[in-house]
S.K.: 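So that we are looking at the same thing, I have put the structure below in structure tokens.
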Amino acid sequence: MRSWLESSAHAKVGQNLKYDSHIFANYGITLGGIQFDTLLESYVLESHLPHNMDSLAERHLGVKTIRYEEVCGKGVHQIGFDQVDLKIATDYAAEDADITLRLHLELWPQIQASSGLLYVYEQIEMPAMRVLGIMERNGIRIDSALLAKQGQQVGKRLLELEGEIHKLAGQPFNIQSPKQIAEILFGQLELPVIKKTPSGAPSTDEEVLQKLAEDYPLPARILDYRSLAKLMSTYIEKLPRMADPKTSRVHTNFSQATAVTGRLASSDPNLQNIPVRTEEGRRIREAFIPADGCKLLSADYSQIELRIMAHIAEDENLLEAFNTGKDVHQATAAEIFGVPLDDVSSEQRRYAKVINFGLIYGMSAFGLAGNLGIERSAAQNYIAKYFDRYPGVAQYMERTRVEARENGYVETVFGRRLWLPEIKGSNGPRRQGAERAAINAPMQGTAADLIKLAMIAVENWIEKEQLKTRMLLQVHDELVFDVPLDEIDLLKEKLPGLMCTVADLKVPLLVSIGIGDNWEEAH
DNA sequence: CATGTCACG
DNA sequence: ACGTACGTGACATGA
């Protein structure tokens, strides 16, 4: 079937063709003529609903399909598809093809009915699928020996901490069990309960232990233990096991239809949550290394969501800050605290930064107060002051709430839709949650659109110029590449321009580049 | 399988 | 009286 499979003249429709393309690629076949993908059609139409074929068939066709689990079983009892009785396997496979075509005939006209959705589907999601397949196949090289060395050190430290913790507690217990920690802290030692989990149990999360650590020695040790145990099990031990033994490369799965806002999700392993915020954690990044003869190059958009907020809100003051190249947090601090730009203290800038982040998330006075450790009334004053100085932003927030209520959805700059079924609901907290999501989605979603457009433009450029540079990872506002030494100057010169010109916004986009012999150095 | 926790943007 | 900043994925525990 190779000639038909590879032919661009023979159009194909499938459900999750990125997967099928990988299977064919394993046999040296480049799947061509990929015209439609029902997974992405469903995602563009209704990102908030399930996109598996069983759900789609029921929702759009009213058909109950043969489920994969019915054919192969599940869990430890699951058998390979090649073990399935031929008649059963045939029925399943034939239905799969039939349903896919019928779904496409149903979904495609719905996308064509909206120019915005059509743009997102044809110009963003379909071409992005190809780029993501390439990135997944590229993988990124892991230094397993370095992780093994770190594992020795961290393992030793964990044993020491375990001893100290059991001594302070007066008895041995499982430090990895929140329930047992609670028994020790709040039962045996009678420390105050700071907050409870959703199920009503006393919480032992980081915020609680930080608070208790002000007065007692044990919680601080538990925090140290927790953070090291997390690094150990999730990264230090896991990554080497996920690496291809022949190439030392790990190949994540970029899920294109998981995040409701249009962002990607990364899994098995998740390479979008590699530690960076603490020094201990950053050492993990030293184990992400370039291919032989290459450097790792990281290119990230600076403050992309705030820039998008300025663009969408058309706030003159905020636009001016970006258009004149100001440090936006410093500029915000100057406005809120009513001081000249050069007199802004580092503390004032820190406050402004928290407020700027809060705005993107549709913050409440309560949330801001909790984050800054101040009174709710003080937080409310900061918010009022901000909206006074940036009235365009205040209007945008209100406009978005109204739009969400009237349409039941909000849109990104490029026309991606995020549906908010709970925006008119009678459940107060859930409705308010939907309002915050409505405010956040256009910014997070537009940023996701922009970086996908950038990935498509950059990959096309790499191929046109026949470069050996390889795109490896996307982390929401960052792209990571393997770059041969003799292409580094070219990338430094061309990449920021490519990434910044994929759209013409009312603010400039800014990309900063780092280069190094591991991801930590490059970041 | 639910829960709690914690890693990222 | 309650909950309270958006979006994710993975791990360990314990029923």
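Lettering follows sequence order; numbering is per chain, from 1.
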S.K.: Under 4.0 Å between any heavy atoms, over every strand shown, what does A:R226 touch: base, sugar-phosphate, or nothing? Just pick one.
M.R.: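 Sugar-phosphate: the residue A:R226, judged by heavy atoms under 4.0 Å, touches backbone atoms but no base.
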S.K.: Ignoring hydrogens and angles, state whether a donor on the side chain of A:Q348 or A:Q330 is under 3.5 Å from an acceptor on the partner side chain.
M.R.: no
S.K.: Rounded to the Å, how far apart are A:K353 NZ and B:dG9 P?
M.R.: 11 Å
S.K.: Determine the Euclidean distance between corresponding P atoms of B:dG4 and C:dG3; express it in Å to zero decimal places.
M.R.: 13 Å
S.K.: Whether A:R263 and A:E305 form a salt bridge (side-chain N of Lys/Arg under 4.0 Å from carboxylate O of Asp/Glu) is what I want to check.
M.R.: yes
S.K.: Report the distance from atom OH of A:Y361 to atom C1' of B:dC8, rounded to the nearest whole Å.
M.R.: 10 Å
S.K.: Take atom CZ of A:R283 and atom C1' of B:dA7, then tell me their distance rounded to the nearest Å.
M.R.: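 Computing the A:R283:CZ to B:dA7:C1' distance gives 17 Å.
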S.K.: State whether the number of non-hydrogen atoms from other residues, nucleotides or ligands found under 6.0 Å of A:Q152 atom CD is greater than 12.
M.R.: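 Atom CD in A:Q152 is not packed in, count stays at 12 or less.
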S.K.: Distance between the P atoms of C:dT4 and B:dT5, in whole angstroms?
M.R.: 14 Å
S.K.: What does the 5'-to-3' dot-bracket notation of DNA chain C look like when only Watson-Crick and G-U wobble pairs under 3.5 Å count, and pairs to other strands show as |?
M.R.: .....|||||||||.
S.K.: Verify the neighbour count for atom CD of A:E279: are there more than 12 heavy atoms of other residues, nucleotides or ligands below 6.0 Å?
M.R.: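 No - once you tally the heavy atoms of other residues, nucleotides and ligands closer than 6.0 Å, there are 12 at most.
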S.K.: Rounded to whole angstrom units, what separation is found between the CD atom of A:Q474 and the C1' atom of C:dG7?
M.R.: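 Distance check: A:Q474 CD to C:dG7 C1' gives 13 Å.
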S.K.: Using a cut-off of 4.0 Å on non-hydrogen atoms, how would the nucleic acid contact of A:L231 be classed: base, sugar-phosphate, or nothing?
M.R.: nothing
S.K.: Would you say a side-chain N or O of A:S203 is under 4.0 Å from OP1 or OP2 of B:dG4?
M.R.: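 No, because none of the side-chain N or O atoms of A:S203 sits under 4.0 Å from OP1 or OP2 of B:dG4.
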S.K.: How close or far is atom P of C:dA5 from atom CD1 of A:I355, stated in whole angstroms?
M.R.: 16 Å
S.K.: Taking the six-membered ring of A:F366 as reference, does the cationic atom of A:R376 (NZ for Lys, CZ for Arg) lie under 6.0 Å from its centre and within 45° of its axis?
M.R.: no
S.K.: Could you check whether A:V208 gets within reach of a base, just the sugar-phosphate, or nothing at all, counting any heavy atom under 4.0 Å?
M.R.: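 It contacts nothing in the nucleic acid.
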S.K.: Around atom NZ of A:K149, are there more than 12 heavy atoms of other residues, nucleotides or ligands at under 6.0 Å?
M.R.: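 Counting neighbours around NZ of A:K149, 12 or fewer heavy atoms of other residues, nucleotides or ligands fall under 6.0 Å, so no.
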S.K.: Regarding A:E314 and A:K506, does a basic nitrogen lie under 4.0 Å from an acidic carboxylate oxygen?
M.R.: yes
S.K.: Taking the side chain of A:Y235 as its heavy atoms from C-beta onward, which of B:dC6, B:dA7, C:dT4 lies nearest to it?
M.R.: B:dA7
S.K.: Strictly below 4.0 Å, N to O, side chains only: are A:K452 and A:D449 in salt-bridge contact?
M.R.: no
S.K.: Under a 4.0 Å N-O cut-off, is there an ion pair linking A:E46 with A:R417?
M.R.: no
S.K.: Parallel, tilted or perpendicular, judged at 30° and 60°: which one describes the rings of A:Y382 and A:Y351?
M.R.: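 The rings of A:Y382 and A:Y351 stand perpendicular, inter-plane angle above 60°.
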S.K.: Is A:R285 paired with A:E520 through a side-chain N to carboxylate O contact shorter than 4.0 Å?
M.R.: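 No salt bridge links A:E520 with A:R285.
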S.K.: Once each nucleotide of nucleotides 9-15 of chain C is scored for protein heavy atoms under 4.0 Å, what B/S/- sequence comes out, 5' to 3'?
M.R.: BBSSSSS
S.K.: Please determine whether a side-chain nitrogen of the Lys or Arg among A:D482 and A:K295 lies less than 4.0 Å from a carboxylate oxygen of the Asp or Glu.
M.R.: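 So A:D482 does not pair with A:K295 through a salt bridge.
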S.K.: A:E280 CD to B:dA7 P: how many Å, rounded?
M.R.: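 About 12 Å, once rounded to whole Å.
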S.K.: Of all of residues 409-444 of chain A, which get a heavy atom below 4.0 angstrom from DNA chain C, listed by number?
M.R.: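 Heavy-atom contacts with DNA chain C come from A:Q432, A:R436, A:A437, A:N440, A:Q444.
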S.K.: Can you check the A:I383 CD1 to C:dT4 C1' distance for me, whole Å?
M.R.: 12 Å
S.K.: In this structure, how many angstroms lie between the P atom of B:dC6 and the CD atom of A:E206, rounded?
M.R.: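 Taking CD of A:E206 and P of B:dC6, I get 6 Å after rounding.
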